[in-house]
Amino acid sequence: MEQADTTPRRSRSELTREEYDQIWNNSRLSMPPLVRIPAAAAAAFGIGMTLGLAHGSKMAGLRFRAEHAHRLPTTTTGWYLYHKSKNYHLAFGGLKEGFKAGAKLGLLSTAMFCAENLFDEHRGSQDFINTVMASLAVAGGFSLWNRFSAAETARTAKKGLIFGLVYGGFQDLLSLAKGRPVGYVTFIRSHIGKPVEESESFR
């Protein structure tokens, strides 16, 4: 009868301080995915919220003025109520558009970072190639969801490509500065070194 394996298995909580530091140092932006993805989503939501709040309050103010242009108040009390109602519409319109833009940008950011992490795990390397593929995948999904035309889809894919190249390139430079391996750099270095080693071996 076979004996059961009684060897204790180490849980994540039993990792040493050095192993934790290694996990953080070897991750993109020096942050593990479970930290990086929520942080990126929160930052994207904050940016979208700020932009949406400014745009939404501006549009709400213009709409309020247009709707009440033919019935402007003529008394002090009337002007007080007018501005009070206008401020309410500005705040409501800004918050509504802010939450809408923040949620949309946060969702897209979460999808992009999750896709990037999936490509990292699948290819076994971290470089801008995974970032570009993730950006294009999210751009394609966004275009499909909104049923964009071919021209709009191409423009969205172009924006995704530019974002992937810029952001992915920035991450690669940061990884090289931190001494982390970058997929294509390691590949190039390994293949450049081979001809030199082979030529020396034949001498």
Side-chain angles (χ1 to χ4, degrees), residues 27-29 31-70 85-175 182-185 187-188:
S27 300
R28 287 179 179 268
L29 302 178
M31 290 186 291
L34 291 179
V35 177
R36 184 176 68 252
I37 295 174
F45 178 83
I47 294 173
M49 181 71 180
T50 303
L51 297 175
L53 184 64
H55 177 72
S57 59
K58 180 180 178 181
M59 296 304 297
L62 294 175
R63 184 164 53 250
F64 183 86
R65 289 174 58 185
E67 291 174 352
H68 295 79
H70 63 286
S85 180
K86 180 181 178 181
N87 291 335
Y88 168 79
H89 280 80
L90 286 174
F92 180 76
L95 288 174
K96 181 180 179 181
E97 188 65 26
F99 276 108
K100 183 178 178 181
K104 182 183 294 185
L105 196 58
L107 182 61
L108 290 174
S109 176
T110 301
M112 200 285 291
F113 276 82
C114 287
E116 181 187 54
N117 186 61
L118 288 175
F119 284 124
D120 287 346
E121 295 292 334
H122 179 70
R123 293 183 62 236
S125 62
Q126 299 176 358
D127 50 37
F128 83 97
I129 298 175
N130 297 340
T131 308
V132 170
M133 290 193 298
S135 300
L136 291 176
V138 172
F142 182 75
S143 301
L144 184 63
W145 177 266
N146 290 279
R147 297 180 180 180
F148 286 164
S149 63
E152 291 174 325
T153 301
R155 283 195 296 269
T156 305
K158 182 179 179 180
K159 292 178 180 178
L161 176 62
I162 294 173
F163 175 81
L165 289 173
V166 173
Y167 179 64
F170 169 76
Q171 288 190 96
D172 289 355
L173 291 176
L174 187 61
S175 295
V182 178
Y184 62 91
V185 175
F187 177 82
I188 293 173

Item to check | Separation of K58 NZ from L90 CG (nearest 0.5 Å) | outcome: 12.5 Å
Checklist entry - For A157 and A139, which heavy atoms make the closest approach, and how far apart are they? => result CA-CB, 4.2 Å
Next on the checklist: Looking at S109 and L105, would you say the former's side chain and the latter's main chain have a donor-acceptor pair under 3.5 Å?
Outcome noted: no
Item to check | Rounded distance (nearest 0.5 Å) linking atom OG of S149 with atom CZ of R155 | outcome: 6.5 Å
Next on the checklist: Looking at every non-hydrogen atom in both residues, tell me the closest pair between A60 and G93 and how far apart they are.
Outcome noted: CB-CA, 4.1 Å
Next on the checklist: Tell me whether the rings of F142 and F148 are parallel (<30°), tilted (30 to 60°) or perpendicular (>60°).
Outcome noted: perpendicular
Item to check | Nearest heavy atoms of S27 and P33, plus distance in Å | outcome: OG-CD, 4.5 Å
Next on the checklist: Looking at every non-hydrogen atom in both residues, tell me the closest pair between D172 and F128 and how far apart they are.
Outcome noted: OD2-N, 3.0 Å
Item to check | Heavy-atom neighbours of K96 NZ exceed 12 at 6.0 Å | outcome: no
Checklist entry - Minimum heavy-atom separation for G164 to S135, with atom names? => result CA-OG, 3.5 Å
Checklist entry - For R65, does the CZ atom sit with more than 12 other heavy atoms under 6.0 Å from it, leaving out its own atoms? => result no
Next on the checklist: Working to the nearest 0.5 angstrom, can you tell me the gap between M59 CE and E97 CD?
Outcome noted: 9.0 Å
Checklist outcome for this item: CG of L29 to CZ of F113, rounded to nearest 0.5 Å, is 6.5 Å
Checklist entry - Do the non-hydrogen side-chain atoms of N130 and R28 ever get within less than 4.5 Å of each other? => result yes
Item to check | Any side-chain heavy-atom pair of Q126 and E116 under 4.5 Å | outcome: no
Checklist outcome for this item: In this structure, OG1 of T153 is separated from CG of N146 (nearest 0.5 Å) by 9.5 Å
Checklist outcome for this item: Heavy atoms of A111 and V138 approach each other most closely as C-CG2, 3.8 Å
Checklist outcome for this item: To the nearest 0.5 Å, atom OG1 of T131 lies from atom CG of D120 at 7.0 Å
Checklist entry - Is Q171 close to D127 at the side-chain level, that is, under 4.5 Å between some pair of heavy atoms? => result no
Checklist entry - Hey, does the side chain of H68 reach the backbone of F64 with a donor-acceptor pair shorter than 3.5 angstrom? => result yes
Checklist entry - So F99 and F45, would you call those rings parallel, tilted or perpendicular, with 30° and 60° as cut-offs? => result tilted
